[in-house]
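The next block holds one structure in the form of structure tokens; read it before the comments.
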4 protein chains.
Amino acid sequence: MENQDTLRRLKTVEGHLRGVIRMVEGDAYCIDVIRQIQAIEAALNKVSSQILENHLNSCVTTAIQGNNKAERERVLKEITEVFEMSTKV
Amino acid sequence: MENQDTLRRLKTVEGHLRGVIRMVEGDAYCIDVIRQIQAIEAALNKVSSQILENHLNSCVTTAIQGNNKAERERVLKEITEVFEMSTKV
Amino acid sequence: MENQDTLRRLKTVEGHLRGVIRMVEGDAYCIDVIRQIQAIEAALNKVSSQILENHLNSCVTTAIQGNNKAERERVLKEITEVFEMSTKV
Amino acid sequence: MENQDTLRRLKTVEGHLRGVIRMVEGDAYCIDVIRQIQAIEAALNKVSSQILENHLNSCVTTAIQGNNKAERERVLKEITEVFEMSTKV
């Protein structure tokens, strides 16, 4: 995983989430809190897409070019599973 | 594309959508209409996942096992793109 | 429900869905089909938001200004339910 | 905002997110990371729904029962806006 950029993004999300916790502690307006939570989710979606992109270009490519049929099927099944879950969260 | 099952599912969605149109024409309760639209979206997500699964096992596998680097990169980029869009709809 | 515009939008979605069915019948490229399904979902989300807006300005406002506590609770509970479902589809 | 339960949930999400950061630092398998991010998003959706429910039963009810038309319109518009955004994240 090219994880320096992913880590940086996740730490930004962590800071954003701490800000939301402070908003709730400070009795911020509900709708403003919801909007910030939605912004966090958009940022997490971006991180997931980035991780998937790296995964496709490394593990998935290696597996598909390899001779292990079970491994090829496994990596492809995982892609479908995270895609299907992405439509639900 | 193993498209017989996909076609069957899409035609079921079409019937469902016509039912929603009749609900709106008949002044159905708004929340009931929204719930039916959400059910249609869940069904469409299922169709997309199925199409993606077939695609991974055919075109994507062929491209990645092939010698055309640009083609390999193209098919992987498309997967990331539809994944990213799936988090937005 | 201010349903003329809603109906028009749903019929546009129906036409779009028929186009997708023809694409699958004609063995269109999988990713192109998925993208069109995602476009349909985005259009359906827009319809749901419009229906919700009308609902809030009519039934919900009437119920909340009324004296029936059970009815007030019911309409508010429904809003939370469709919101929660919207995060899942 | 009945914020004790909301706060507790958000702090649980914060712990979950720190766990994901450690996974990335420890070079965890990409798909496992994506799945944990999706679990965080599901938890955040649940928090948003809970905040919305409280908001409907407090601020929104007060505004709609009040005499300030602009205020009534404002709170209803916000509901539609967060609903529409929830379909996009």
Side-chain angles (χ1 to χ4, degrees), chain A residues 1-11 13-18 20-56 58-60 74-75 77-79 81-86 88-89, chain D residues 1-11 13-14 16-18 20-56 58-60 74-75 77-79 81-89:
Chain A
M1 197 189 297
E2 288 179 29
N3 55 25
Q4 289 315 306
D5 189 45
T6 298
L7 265 181
R8 191 184 52 73
R9 285 175 188 267
L10 285 171
K11 286 177 179 173
V13 172
E14 192 191 3
H16 199 161
L17 180 57
R18 280 207 200 112
V20 171
I21 290 173
R22 280 193 299 272
M23 285 175 77
V24 175
E25 287 171 340
D27 265 324
Y29 184 54
C30 300
I31 295 293
D32 292 339
V33 176
I34 293 174
R35 283 179 177 143
Q36 291 307 315
I37 290 175
Q38 291 176 331
I40 286 173
E41 294 185 275
L44 288 172
N45 284 335
K46 191 74 197 156
V47 176
S48 289
S49 297
Q50 187 186 49
I51 295 174
L52 182 67
E53 187 175 21
N54 294 337
H55 181 59
L56 288 165
S58 54
C59 307
V60 175
R74 191 183 61 76
V75 298
K77 194 166 186 303
E78 285 173 347
I79 305 299
E81 284 167 1
V82 296
F83 177 80
E84 189 159 357
M85 183 54 73
S86 78
K88 293 183 187 157
V89 291
Chain D
M1 200 189 295
E2 289 180 27
N3 56 25
Q4 287 314 305
D5 189 47
T6 298
L7 264 181
R8 190 185 52 74
R9 285 174 186 268
L10 285 172
K11 285 176 179 174
V13 172
E14 192 191 3
H16 199 161
L17 180 58
R18 278 205 201 114
V20 171
I21 290 173
R22 279 191 301 272
M23 286 175 75
V24 175
E25 286 171 340
D27 265 323
Y29 185 54
C30 300
I31 295 292
D32 293 339
V33 176
I34 293 175
R35 283 179 177 142
Q36 291 307 314
I37 290 175
Q38 291 176 331
I40 286 174
E41 293 184 276
L44 288 173
N45 284 334
K46 191 75 196 156
V47 176
S48 289
S49 297
Q50 188 185 48
I51 295 175
L52 182 67
E53 187 175 20
N54 295 336
H55 180 59
L56 289 165
S58 54
C59 307
V60 174
R74 190 182 62 75
V75 296
K77 193 165 186 305
E78 284 173 347
I79 305 299
E81 284 167 1
V82 294
F83 176 81
E84 190 158 357
M85 183 53 72
S86 78
T87 65
K88 292 183 188 158
V89 291

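First the proteins, then the strands, lettered A, B, ... as listed; each starts at 1.
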Just give me the residue among D:K11, D:R18, D:K88 that pairs up with chain A most often, heavy atom to heavy atom, under 4.5 Å. D:R18
How long is the straight-line distance from CD of A:E41 back to CD1 of D:I37, given to the nearest 0.5 Å? 12.5 Å
Tell me, please, which residues at least two apart from D:R8 pass side-chain hydrogen bond (donor to acceptor under 3.5 Å, both in side chains). D:D5
Measuring from D:I51:CD1 to A:D32:CG, what's the distance to the nearest 0.5 Å? 11.0 Å
Hey, what do you get for CD1 (D:I31) to NE2 (A:H55), rounding to the nearest 0.5 Å? 3.5 Å
Segment of D:I40 engaging chain A (4.5 angstrom heavy-atom cut-off): side chain
Once you round to the nearest 0.5 Å, how far does CZ of A:R22 lie from CG of D:L7? 12.0 Å
At a heavy-atom distance under 4.5 Å, which candidate from A:I79, A:V75, A:V47, A:I21 has the highest pair count against chain D? A:I21
Please classify the contact of A:S49 with chain D as side chain, backbone, both or neither, using a heavy-atom distance under 4.5 Å. neither
Could you tell me the separation between the CD atom of A:Q36 and the OG atom of D:S48, rounded to the nearest 0.5 Å? 11.0 Å
Sequence neighbours excluded, which residues qualify as side-chain hydrogen bond (donor to acceptor under 3.5 Å, both in side chains) partners of D:K77? D:E81
Calculate, to the nearest 0.5 Å, the distance between atoms CG and CG belonging to A:L44 and D:L17 respectively. 6.5 Å
Main-chain N/O of A:V82 paired to D:Q38 side chain as donor or acceptor, under 3.5 Å: yes
Portion of A:L10 that has a non-hydrogen atom of chain D nearer than 4.5 angstrom: both
